[in-house]
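First up is the structure itself, then whatever we jot down about it.
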Amino acid sequence: MSNKERNKRSARKARQEERKRLEAEHAASGHAAKAEEAPKSSLLKKASSDSAAAKPAKAEKAKKPGRIRSYFTAVKTEMHQVTWPSRTELKNYSFAVIAMLLVFGVCVWAVDNGFVALILAFTGLRG
């Protein structure tokens, strides 16, 4: 896990604890009914405004381009970690797959013809 992800996780945890603390304060001060009626976004704004390192309101929205970019960056790093087969291994694997397809195809054809023969013999009907 990268440091960036750790920092995000700890920030989320701190915000969650702050929300719980604010809800407990509201319940203790007799504003429980108001706290239930108040939307969660107002609690989040209060939590962020009360903290010393409050971020501007614009930063609360999730930035989709950054999330998309980070996804493709993660995909790129994962693709570099993949162990790719050599050309000869790829040829051998391809040959094995095609051979097994043929074998199973012939087996399915034989079983199908066997069932058709049984049904014809049992019913006495011809196609």
Side-chain angles (χ1 to χ4, degrees):
M1 185 178 349
S2 67
N3 287 337
K4 187 175 182 181
E5 291 172 350
R6 280 192 201 104
N7 291 340
K8 284 182 183 179
R9 182 181 288 178
S10 62
R12 278 193 302 256
K13 196 171 185 178
R15 284 192 302 266
Q16 184 180 15
E17 290 172 358
E18 183 66 23
R19 272 187 240 120
K20 286 180 182 179
R21 187 188 61 80
L22 283 175
E23 288 174 359
E25 286 178 2
H26 282 288
S29 65
H31 294 94
K34 289 182 183 179
E36 290 175 6
E37 294 173 1
K40 288 187 175 185
S41 61
S42 66
L43 290 175
L44 288 174
K45 288 178 184 176
K46 284 185 179 182
S48 64
S49 64
D50 290 345
S51 64
K55 294 182 180 179
K58 294 178 184 177
E60 289 180 16
K61 294 182 180 179
K63 295 181 180 180
K64 293 190 180 198
R67 291 171 65 187
I68 293 170
R69 182 180 296 141
S70 66
Y71 170 76
F72 282 111
T73 303
V75 168
K76 185 177 178 182
T77 57
E78 285 295 323
M79 293 302 280
H80 285 295
Q81 294 176 0
V82 172
T83 304
W84 297 100
S86 67
R87 183 174 290 266
T88 57
E89 288 175 334
L90 186 62
K91 285 180 185 177
N92 290 337
Y93 295 154
S94 299
F95 177 74
V97 167
I98 292 169
M100 292 309 294
L101 284 171
L102 290 173
V103 168
F104 280 107
V106 168
C107 290
V108 169
W109 174 78
V111 169
D112 183 46
N113 280 341
F115 278 125
V116 169
L118 281 174
I119 290 173
L120 289 178
F122 182 70
T123 60
L125 298 174
R126 292 283 167 208

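Both backbone and side-chain heavy atoms feed into the values below; hydrogens, waters and symmetry mates do not.
- For the atom pair CD1 (Ile98) and CE (Met100), the distance works out to 13.0 Å, reported to the nearest 0.5 Å.
- Atom CZ of residue Arg12 and atom CG of residue Asn7 lie 11.0 Å apart, to the nearest 0.5 angstrom.
- Residue His80 holds its NE2 atom at 5.0 Å from NZ of Lys76, rounded to the nearest 0.5 Å.
- Atom-to-atom distance recorded for Asn113:CG and Leu118:CG is 11.0 Å, nearest 0.5 angstrom.
- The side-chain heavy atoms of Lys91 and Thr88, taken from C-beta on, include no pair separated by under 4.5 Å.
- Contact check on Arg15 versus Glu18 returns no salt bridge, with no Lys/Arg side-chain nitrogen under 4.0 Å from an Asp/Glu carboxylate oxygen.
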CA sep, side-chain torsions, deciding dist, call: Glu89, Trp84, side-chain contact (heavy atoms from CB on, under 4.5 Å):
CA-CA 10 Å; Glu89 288 175 334; Trp84 297 100; over 6 Å; no

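- To the nearest 0.5 Å, atom CD of residue Gln16 and atom NZ of residue Lys13 are 8.5 Å apart.
- Cluster membership for Phe72 and Met79, using ILVMFWY side-chain heavy atoms within less than 4.5 angstrom, is shared.
- Hydrophobic clustering (ILVMFWY, side-chain heavy atoms < 4.5 Å, transitive): Tyr71 and Ile68 are in one cluster.
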